[in-house]
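Reviewing the structure listed below.
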Amino acid sequence: MELDLILTNGTIVTAAEVLDPKIEIGVKDGKIVCMGHCLPRRPQTRVLDAEGAYVTPGGVDSHVHLAQPESPDGDNWETGTRGAVAGGTTTVLAFASQSRKDESLFPALEDYHGKSRDQSHCDYGFHFILTNPTPHIVNNELRVLVEREGITSVKLYMTYEPLKLGDRAILDIMMAARQLGITTMIHAENSDMIALITERLEERGLTDPFYHAVSRPQLAEAEATYRAISLAELLDVPVLIVHVSSELAMDHIRAAQTRMLPVHGETCPHYLLLLSERMQAPHSHGAGAVCSPPLRHEPRDVAAIWRGVANGTFTTLSSDHAPTKFDSPYGKTRGLKDGLPVFRDIPNGLPGIETRMPLMFSHATGSKPKISLPRFVQVTATRPAVLYGLGGVKGNIAPGYDADFVVWYPGGHQFAREDRDEGDVDGLRIRARMIHHDCDYTPYEGMWVGNWPRYTVLRGQIVWNRDHGGVVGKKGDGMFLKRKKGSNVTGQTGGLPRGMMDNERDLWL
Ligand code: DUC
Ligand code: ZN
Ligand code: ZN
Ligand code: ZN
């Protein structure tokens, strides 16, 4: 067979191990077709030399917000996915969202297809956000989403007035999800706790950005997380708790996993790298760090989340890229009071689609890694792919998979002087000006990373070449991915919830 592309001289990392550096990757028609020593070169075969660097699977970012109506100045498909490939991500799962008044999901679905078609730099799929789960939607349309549209996951909110669902609505959706093999993602925070604290803070005039964190304590997240897990346990369905920020919530996930329940957790770089003190930055800059759940207060809080990444509690590490510009009529600083934004009015969410992979890779390499390289691959690519029905296609470097990979710089590479600070020997500093998505700031401004993707390869094509041309792929290179049902069983479904007799659930489930 005449190969289109051979990747040589790379140290390939998979979810399982770091491979022998002599192993090459052979690509034909966008797929990895073989791996081994001394693959046959033919006249038409291009050779990409990794020069001794690590090669990891293209990132699978399973939680990004693009072209959402609530963020009119956020990223659209083109700008968001441009940032994705520049940061080593080749697949994104973004949200199509139902508005409360929609009686059918299909107009919204068409709308999102319209916004993304021929616009994406990387491959992509949709999760559906359900905010008005009518019986027709739950009993009829969800099946069509799974069987015809390749959309096999939904996100449900337990907080935010315009989005939140009560426990009964969540249970009804979980019943359908159980039958259809849908993965249910849950934003878990206790809405009433947050409402009460917010009112009390406002009565006292405590409204600047920092109080956002005070208004959404760890207990609010932990209570809702435990409730979501209990609803899933009752019905014997898999569940994924998104953007977990606190040890209290994580401990409930860990405990459920110990009982072999198919309960998954997701966390994000900002819960590993940033603290609530960011919201106390001078002037209005604190608004740039407002996200939900909020950044937590103490170094021990982030240390706990790192432990959860290292010990496997978290299945996925996604960006939760949810940008609004800092300086814009819709942005972080709308509605200033005495020169400070009022936390209730600050859009929630941080940009991070481009920085996720470099930040995490830096913490998997270097002199004091926090996670191993295989774990880096697991949480940034392999496990989200499998969880969301892209197993065998995305998130791994092995024959049969799409030829999506990241070639990093070999050790000791000196980045350009203007990207470093005095005294930095290796690596570079993140600056908003070097980022490719469409946002006027990054919460990681000035943060050091040890490496950056040198090449990003999507289905055998170089779409990012940092030294020669930057984003060299075109919008429209990315394809919509119809996904299979996820294989999201961590333990054994069919186990009994605690406190029930044998066969008791058969009486009603
Ligand atoms: N939930 C998200 O998933 N992203 C940003 C803000 C939020 O509440
Ligand atoms: Zn959320
Ligand atoms: Zn300032
Ligand atoms: Zn999100």
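One-based numbering, in listed order, for ligands and for the atoms of each. All figures in this text were calculated on a predicted structure; none of them were measured in a lab.
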Cation-pi check, Arg148 onto Phe106 ring (under 6.0 Å, within 45° of axis)
yes
Just wondering, is there an N, O or S atom on His63 that's nearer than 2.8 Å to the Zn ion (ligand 4)?
yes
Give the atom numbers and elements of ligand 1 that come within less than 4.0 Å of a heavy atom of [X].
| X | answer |
| --- | --- |
| His243 | 1 (N), 2 (C), 3 (O) |
| His187 | 1 (N), 7 (C), 8 (O) |
| Ala322 | 5 (C) |
| Asp320 | 2 (C), 3 (O), 4 (N), 5 (C) |

If the threshold is 4.0 Å, N to carboxylate O, is there a salt bridge linking Lys394 and Asp402?
yes
Carboxylate-amine/guanidinium contact Lys474 Asp477, below 4.0 Å:
yes
With the threshold set at under 4.0 angstrom, would you say Val242 reaches ligand 1 through any of its heavy atoms?
no
Against ligand 1, does Glu189 come closer than 4.0 Å with any heavy atom?
no
Using the side-chain contact (heavy atoms from CB on, under 4.5 Å) definition, which of the options Leu387, Val263, Val379, Ile241 pairs with Thr315?
Leu387
So which of His243, Glu221, Glu189 actually passes side-chain contact (heavy atoms from CB on, under 4.5 Å) with Ser292?
Glu189
At a threshold of 2.8 Å, where the distance has to be below it, does the Zn ion (ligand 2) have an N, O or S atom of Lys155 nearby?
yes
I'd like the atom name of the N/O/S atom in His187 lying closest to the Zn ion (ligand 2).
ND1
Compute the shortest N/O to N/O distance between Asn348 and ligand 1 and return yes if it is under 3.5 Å, no if not.
no
With nothing but distance in play, are any N or O atoms of Tyr157 less than 3.5 Å from an N or O of ligand 1?
no
Hey, are Tyr112 and Gln68 close enough side-chain-wise for a donor-acceptor pair under 3.5 Å?
yes
Anything under 30° is parallel, anything over 60° is perpendicular, the rest tilted; go ahead and classify Phe376 against Trp408.
perpendicular
Parallel, tilted or perpendicular: ring planes of His363 versus Trp306, cut at 30 and 60 degrees
tilted
Report yes if the distance between the aromatic ring centroids of His113 and Phe126 is under 6.0 Å, otherwise no.
yes
Using the Zn ion (ligand 4) as the apex, give the angle to atoms NE2 (His65) and OD1 (Asp320), rounded to 10 degrees.
100°
Please list the nearest protein heavy atom to atom 3 (O) of ligand 1 with its residue and the distance rounded to 0.1 Å.
Lys155 NZ, 2.6 Å
Checking a contact table here: which protein heavy atom is nearest atom 8 (O) of ligand 1, and how many Å away?
Tyr160 OH, 2.5 Å
